[in-house]
There are 2 protein chains.
Amino acid sequence: MQKEITIKDIAREAGVDVSTVSRSLSGAYGIKADTRNRVLAVAQRLNYRVNRVARGLVTGRSHTLGLIISDIRNPFFTEVARGAEDAARAAGCDLVLCNSDQDATRQMEYVAALAGKRVDGILMNSVAVLDKEQKERLEAIGIPIVLLNRTRGPFSTVCADNKAGGTLAAEYLLKLGHRKVAHLTGPARHGNLTDREKAFVKAMPPDSVTVLHGENSFAGGREMAQTVLAGQPRRITAIFAGNDTIAFGVLRAILDANLKVPDDISLLGFDNVELGSIVQPPLTTIHQPSYELGQRAVETLLRLGKKDAPAENHVLPVQLIERQSCAPATQKI
Amino acid sequence: MQKEITIKDIAREAGVDVSTVSRSLSGAYGIKADTRNRVLAVAQRLNYRVNRVARGLVTGRSHTLGLIISDIRNPFFTEVARGAEDAARAAGCDLVLCNSDQDATRQMEYVAALAGKRVDGILMNSVAVLDKEQKERLEAIGIPIVLLNRTRGPFSTVCADNKAGGTLAAEYLLKLGHRKVAHLTGPARHGNLTDREKAFVKAMPPDSVTVLHGENSFAGGREMAQTVLAGQPRRITAIFAGNDTIAFGVLRAILDANLKVPDDISLLGFDNVELGSIVQPPLTTIHQPSYELGQRAVETLLRLGKKDAPAENHVLPVQLIERQSCAPATQKI
DNA sequence: TCTCTTTTTGCAAACGCTTGCAAACTAGTT
DNA sequence: AACTAGTTTGCAAGCGTTTGCAAAAAGAGA
């Protein structure tokens, strides 16, 4: 590691004070164009590159944001991350990536590490709803934070309109004539999924929907679908999956059972991950604006950085993406 | 932003010097257990959190690594990123995510930004082979760097064994009796893909393979497959795609043409992204250890950080994943 | 009790930058 | 020529740590 070139070197070389160099470099007002150019030339010649950590120490701003999600491999988060990164970049910030793997301890470790780094803000899709102690810790840290996929709480939030999505799903399925449907979703009490579920059930006629809770994954969807398909207490004409990943599992189970989508059974997803358009048949789903979620979240975060900015709660609209996995219900019964 | 608690506060409170606090906190040798405990207690009580940027300034180590890839949404990179993040975390480092979108300028901007942040190392999947000037700039920066998906060059590299993969593909297809095949891949002169292509063509009998170059994407695969399927100068029994993403596009085109995989035509991918096992039929492919690639890369990076560490070149083995998209060739002609 | 080691602590100088304040100029008025 | 009002610069004090070195304290051996 060769010696680092500092503004001192430039100052010496250009025959001015370091403060003048600093001001020239930052384009501050009050430096004669002549001097500035000379300084800039020297800086260029010496191949100078500002040391942001030193600058950060004095300014107190690190121009770094933290993104804590459960797993970047979840396509939804991939998209969120991309939106966040783009927005961060636009604002001259870097984004550090943290995978919590749904582990609350790990999540809080990351928060602590990011705080130690004095990031300008934290973007987090919290593992679970925060308990009182965690909330206090977060507030004590005093770093702007915005929570993804949350709607309430003392912190700023950015979330898709899951309730509207649930309702949308119900309306669509009803319009197609489905009166006996199953909703296969993740664990109960999972913020997002629960909102979808509640709104969906509420918008459907009483007794028309069977809800199954399982693992929030491809395998989970497959399993749930298998049990629904196997023990058939009632003939089901459509399945609404809690999200696309579950839907893919369901699809696999249906195909494995030698049934056809949508001829034998309709399938509706949620999220609109890219894969949905690749799979056969292309999946009809509720689009969640994941990229915009990430984007909006960092924009909010940046605003929170300003003095006395109030918490913001954003709810982004969802949208039905009609592809080929849903068809009108046929009265086979 | 309330006032930050510093070691000075602790020092005052505990009645010792800041250096003692620093040493206590870092568990240095030469502090009486008694004192240390007292300091630790005060730190705890004051809810102290070390300022890593200050520390970084004096130690010269930021415990941050940069990851520059073209797009995190590419599932291959998602996996690489995950491997990298896990390895970084294990080493007590953070990872900042940079999407270059295949833009060389943007890539170099990121390098500069990361350098300004004084990251401990950069992990990069370079957009293109580096020209002389870029190489010099990278070297001048003096930050450890490891290149992903490269095998040669003055820098350390981590790469899957693409040549072996190409050969493997050829051997497998030959074993199944395919003698007229197409290789649909990305742009010519794309490091990775080119290696695969060359090895594949070389291992196949002369004149048995038609190579098509197109866009490296789902759409690209679809298009190339359409032209192969449409104008059929010769009957093809199998397609080897440059990677899984292309393969998915090919699959879609085949399905759209009312042909069956593998009955009418066999399809072989490369990469082994998760989606491959979800798609119908499950895709036979060459597994590239993406997670390990990321992991290995940061491990290498960390080693480079040590004094006088020599450059390393790693080639990771690939592996055939046999699923259901390939079948023995039938002599339809 | 008095040296001689060995620990344990404190002092002070970095690390590379920003920034408030005052000094030194420059130009504009009178 | 003197005075005022800028404008351009330099001085020096930080930002919160770490760390080499020396001072102080504590044991140990006599």
Side-chain angles (χ1 to χ4, degrees), chain A residues 1-40 42-43 46-64 113 115-120 142-143, chain B residues 1-40 42-43 46-64 113 115-120 142-143:
Chain A
M1 199 77 78
Q2 69 271 47
K3 186 167 170 321
E4 164 161 6
I5 292 179
T6 76
I7 58 173
K8 278 185 198 167
D9 300 314
I10 301 180
R12 184 169 5 85
E13 203 79 3
V16 296
D17 185 81
V18 290
S19 59
T20 304
V21 175
S22 173
R23 284 188 261 254
S24 299
L25 256 25
S26 69
Y29 165 83
I31 294 289
K32 200 153 65 176
D34 191 28
T35 331
R36 186 203 315 287
N37 291 337
R38 190 155 39 91
V39 169
L40 257 34
V42 175
L46 261 38
N47 205 345
Y48 170 79
R49 206 177 304 283
V50 63
N51 183 328
R52 286 168 197 274
V53 359
R55 170 183 293 177
L57 183 57
V58 23
T59 61
R61 315 231 322 109
S62 63
H63 287 277
T64 304
K117 257 207 164 63
R118 300 301 188 267
V119 295
D120 295 341
I143 291 182
Chain B
M1 201 74 81
Q2 69 271 50
K3 187 169 170 318
E4 164 159 10
I5 291 178
T6 76
I7 59 173
K8 280 184 196 167
D9 300 312
I10 301 180
R12 185 171 2 88
E13 202 80 3
V16 296
D17 185 82
V18 291
S19 59
T20 304
V21 175
S22 174
R23 282 187 264 254
S24 298
L25 256 26
S26 69
Y29 166 83
I31 294 289
K32 200 153 65 177
D34 192 27
T35 331
R36 186 203 314 287
N37 291 337
R38 189 154 41 91
V39 169
L40 257 35
V42 175
L46 261 39
N47 204 346
Y48 170 79
R49 206 177 304 284
V50 62
N51 184 328
R52 285 170 197 274
V53 358
R55 170 183 293 177
L57 182 56
V58 21
T59 60
R61 314 231 321 107
S62 63
H63 287 278
T64 303
K117 258 208 162 61
R118 299 303 188 267
V119 294
D120 294 341
I143 291 182

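Just so we're on the same page: letters track the sequence lines, and every chain starts at 1.
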Go through the side-chain N and O atoms of A:Lys117 and B:Thr64 and say whether any donor and acceptor fall under 3.5 Å apart.
-> yes
May I have the step-by-step check of side-chain contact (heavy atoms from CB on, under 4.5 Å) for B:Val50 and B:Leu25, ending in yes or no?
-> CA-CA 9 Å; B:Val50 62; B:Leu25 256 26; 6.0 Å; no
If every non-hydrogen atom of A:Ser24 is compared with every non-hydrogen atom of A:Ile31, which pair is closest and at what distance?
-> OG-CG2, 3.7 Å
Atom of B:Ala115, atom of B:Ile143 and distance for their closest heavy-atom approach | CA-CD1, 3.5 Å
Out of curiosity, A:Thr20 OG1 to A:Lys32 NZ, how far, rounded to the nearest 0.5 Å?
-> 11.5 Å
Euclidean distance, B:Asp34 CG relative to B:Arg38 CZ, rounded to 0.5 Å | 6.5 Å
Under the 3.5 angstrom rule, does the side chain of A:Asp120 hit a backbone N or O of A:Arg61 as a donor-acceptor pair?
-> no
Would you check, one step at a time, whether the test side-chain contact (heavy atoms from CB on, under 4.5 Å) holds for A:Tyr48 with A:Ile7?
-> CA-CA 8 Å; A:Tyr48 170 79; A:Ile7 58 173; 3.3 Å; yes
Going through the checks in order, is the side-chain contact (heavy atoms from CB on, under 4.5 Å) test met by B:Thr6 and B:Asn51?
-> CA-CA 8 Å; B:Thr6 76; B:Asn51 184 328; over 6 Å; no
Residue-level proximity of residues 7-33 of chain A to DNA chain C when a heavy atom falls under 4.0 Å | A:Ile7, A:Ser19, A:Ser22, A:Arg23
In short, the helix from C:dT1-D:dA30 to C:dT30-D:dA1 is bent end to end, axes from five pairs each side, to 10°, by 50°
Take atom CG of A:Leu57 and atom C1' of D:dT18, then tell me their distance rounded to the nearest Å.
-> 12 Å
Taking CG from B:Asn51 and C1' from D:dC15, how many angstroms apart are they, rounded to a whole number?
-> 8 Å
Just the endpoints, please: which first and last nucleotides of DNA chain C, 5' to 3', lie under 4.0 Å from a heavy atom of chain A?
-> C:dG16 to C:dG20
Decide side-chain contact (heavy atoms from CB on, under 4.5 Å) for B:Arg118 and A:Glu4; before the verdict, give the C-alpha distance in whole Å, the side-chain angles of both, and the deciding distance to 0.1 Å.
-> CA-CA 10 Å; B:Arg118 299 303 188 267; A:Glu4 164 161 6; 2.3 Å; yes
